[in-house]
Amino acid sequence: MDFSKHIKPLAGETDWPVWKRKICDLLDYHDAALDVIDEKFRKPVPLSNSANESEIKLHRESCDRFRKANSYAKSMITSSVSDDVYQKIMDTDSAYEAWEALKVLFEASSKDQVFKICTDFF
């Protein structure tokens with residue numbers, strides 16, 4: 001079942017806090033997808049030529065698990081943003097990169113928050 005269709009597409013900064021929480025909840029459902037966007041689960045480094053058969057098997061399993069988690073996370077993210085937002089993240093190679101790009105776009109830094117508070121005040 002496609003759960004992302006139940007999430008309102010991210011269109012701007014005001015949507016970000018709720019959208020982010022919903023996406024994190026959705027990604028938590030799939031094995032390692034949440035770890036991919038937090039970069040707790042990274043793409044495995046290539047093996048050396050001297051790797052034995054069991055190391056090769058474990059490496060393949062790890063690569064496959066990463067590929068699935070990354071693909072799931074990136075597809076959930078990209079399918080639940082507006083076309084305008086998608087254009088800003090479409091050149092990213094991984095779910096982590098897409099997530100970080102969205103954070104830069106929509107998560108206000110403390111400087112931004114202070115500036116907004118000051119402009120609202122005056």
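Position 1 is the first residue of the sequence; numbering continues from there.
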When hydrophobic residues are tied together by side-chain contacts of less than 4.5 Å, even through go-betweens, does M90 share a cluster with V81?
yes
Side-chain heavy atoms nearer than 4.5 Å, only ILVMFWY residues, links allowed to pass through others: does that put I37 and Y29 together?
yes
What residues, two or more places apart in sequence or in another chain, satisfy side chain to side chain contact (heavy atoms under 4.5 Å, CB included) together with [X]?
{"X": "R60", "answer": "I56"}
{"X": "K103", "answer": "W16, W99, E100, E107"}
{"X": "D64", "answer": "R67, K68"}

Rounded to the nearest 0.5 Å, how far does [atom2] of [Y] lie from [atom1] of [X]?
{"X": "S79", "Y": "I7", "atom1": "OG", "atom2": "CD1", "answer": "8.0 Å"}
{"X": "K88", "Y": "L105", "atom1": "NZ", "atom2": "CG", "answer": "6.0 Å"}
{"X": "E97", "Y": "I89", "atom1": "CD", "atom2": "CD1", "answer": "11.0 Å"}
{"X": "C63", "Y": "N70", "atom1": "SG", "atom2": "CG", "answer": "12.0 Å"}
{"X": "W19", "Y": "E13", "atom1": "CH2", "atom2": "CD", "answer": "14.0 Å"}
{"X": "L34", "Y": "D31", "atom1": "CG", "atom2": "CG", "answer": "11.0 Å"}

Go through it in stages, so that I can follow the logic: the residues are R21 and D25, the test is salt bridge (charged side-chain N to carboxylate O under 4.0 Å, His left out), and I'd like the CA-CA distance, side-chain angles, deciding distance and then a yes or no.
CA-CA 6 Å; R21 185 68 235 162; D25 290 344; 2.4 Å; yes
I'd like to know whether I23 forms a side chain to side chain contact (heavy atoms under 4.5 Å, CB included) with S80, so could you lay out the CA-CA distance, the side-chain angles of the two residues, the decisive distance to 0.1 Å, and finally the verdict.
CA-CA 9 Å; I23 287 293; S80 58; 3.2 Å; yes
For L58, does its backbone N or O pair with a side-chain atom of S62 as donor and acceptor, under 3.5 Å?
no
Taking all non-hydrogen atoms of both residues into account, name the closest pair between [X] and [Y] and its distance.
{"X": "I77", "Y": "A95", "result": "CD1-O, 4.1 Å"}
{"X": "V85", "Y": "A11", "result": "CG2-O, 4.0 Å"}
{"X": "A73", "Y": "L27", "result": "CA-CD2, 3.6 Å"}

Under 3.5 Å, sequence neighbours excluded: what are the donor-acceptor pairs made by side chains of residues 39-50?
{"from": "E39", "atom 1": "OE1", "to": "Y96", "atom 2": "OH", "distance (Å)": "3.4"}
{"from": "R42", "atom 1": "NE", "to": "E39", "atom 2": "O", "distance (Å)": "3.4"}
{"from": "S48", "atom 1": "OG", "to": "S50", "atom 2": "OG", "distance (Å)": "3.1"}

Just to verify, what does H30 make a ring pair (Phe, Tyr, Trp, His ring centres under 6.0 Å) with, not counting sequence neighbours?
Y72
With sequence neighbours left out, what residues match N52 under side chain to side chain donor-acceptor pair (under 3.5 Å)?
S54
